Student: 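I am attaching a structure below and will ask some questions about it afterwards.
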Amino acid sequence: METAPFQFTCSTTPLSLPPNFILPEDKRPHISQVSTLNSIPIIDLNDQIHARENGDFPSLLVEKISRACQEYGFFQIINHGVPQELYFTKQVKLFNYYLNTHGQEKVNTWSQSFSHPGHPIEDLSHLLPENPPQYREVFGEYAKEIGALMIRLLSLISQSLGLEKECLQKRLGENPSLKLQANYYPPCPEPELTLGLGSHTDVDALTILFQSEGVSGLQVIKNGKWVAVDPVPNAFVINLGDQIQVLSNGRYKSVQHRAVTNKVKRISLAMFYGPSMDAVIGPIQELVDEAHPPVYRNYRFAELREEFDRQRGTRRMVKEVFELPKK
Ligand SMILES: O=C(O)CCC(=O)C(=O)O
Ligand SMILES: [Fe+2]
């Protein structure tokens, strides 16, 4: 039997969790055991400018990105050049979230997500919400800025893999997707009994996440333990998606992450950059040699999306389907 969706739009927070949100013991977040030390690296994109002035090569920035990608698969960026008003305008609020369910058991997670494509903005503007009235304009500008930042990061990550600057962008194809997912985590009476978003990896190539200040919720796996990614003022969290893991032949990992809930509400805005549907994704030739045989077979991205849809609602193992047998 389907569980009835829980209405988050009610104005009061319940005193305890409705039963259809309570996770089985082994799936609970154990929040008190999560580390806040050694969280993911914070990288200053202005380092690039300094390095260029000094003529260093490879630049300090590329080195930092290389280390962060290898050790964490996650980092935060500051001085990214996206004007603060575009993601910090108080008037911009998102409504009409839908309930996201995760996992095989029909347990709801304590969140609502709202998502829509962000590119090409000219074609989709009329599909975006009419309220609040400035949403289309602000989102349009945000999508353009984030799209440009994605290209900049793809170039830095390409260089950090020893590849030419445009390598990853080219491999992701001429009609890449840029999608928004806005996540709302309402105040939760019992954060230890539920999750905001279950553990997952992002399926696309690269994610730029803005998280609201003052409340921590995002956690990433590091050395088998959950590490909290506390919000840093005016920073974006960057994480590598499954397609970068495949293109880098497993050199860089798409890392499991989740969101826990709090007694107070939290909001995050994720933008996902994904390949063209017809792009052929597979290990980049320069990263394959005798010591590093190909881990994945080539596939059209549309093929992987079909597999992703087949696995909806399960603990996803999508890229694993394209792994080659180990020799
Ligand atoms: O709310 C967060 O910080 C995590 C969001 C996330 O992982 C996602 O939307 O894929
Ligand atoms: Fe995610």
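Fair warning: this is a prediction, and the values are worked out from it, not measured in the lab. Counting starts at 1 for both ligands and their atoms, following the listed order.
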Student: Between N249 (side chain) and P293 (backbone), is there a donor-acceptor pair under 3.5 Å?
Tutor: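 Answer holds: yes.
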Student: Would you call E307 and R310 a salt bridge, taking side-chain N to carboxylate O under 4.0 Å as the test?
Tutor: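 Judged by the 4.0 Å cut-off on N to carboxylate O distance, E307 and R310 do form a salt bridge.
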Student: So, D204 and K179, do they make that salt bridge, N to O below 4.0 Å?
Tutor: yes
Student: Can you pull every nitrogen or oxygen pair between ligand 1 and the protein closer than 3.5 angstrom?
Tutor:
residue: ligand 1; atom: 1 (O); partner: Y185; partner atom: OH; Å: 2.6
residue: ligand 1; atom: 1 (O); partner: R266; partner atom: NH1; Å: 3.1
residue: ligand 1; atom: 1 (O); partner: S268; partner atom: OG; Å: 2.7
residue: ligand 1; atom: 3 (O); partner: R266; partner atom: NH2; Å: 2.8
residue: ligand 1; atom: 7 (O); partner: H200; partner atom: NE2; Å: 3.2
residue: ligand 1; atom: 7 (O); partner: H257; partner atom: NE2; Å: 3.1
residue: ligand 1; atom: 9 (O); partner: N183; partner atom: ND2; Å: 3.0
residue: ligand 1; atom: 10 (O); partner: H200; partner atom: NE2; Å: 3.1
residue: ligand 1; atom: 10 (O); partner: D202; partner atom: OD1; Å: 3.3

Student: Salt bridge or not for E141 and R136, using N-O below 4.0 Å?
Tutor: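 Not counted as a salt bridge, because no side-chain N and carboxylate O are separated by less than 4.0 Å.
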Student: Nearest 10°: the angle subtended at the Fe ion (ligand 2) by H200 NE2 and D202 OD1?
Tutor: 90°
Student: Between Q245 and Y296, do the side chains contain an N or O donor and an N or O acceptor separated by less than 3.5 Å?
Tutor: yes
Student: Distance under 6.0 Å and angle within 45° of the ring axis: does K222 meet both against Y72?
Tutor: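 Relative to the ring axis of Y72, which defines the angle, K222 lies inside both limits.
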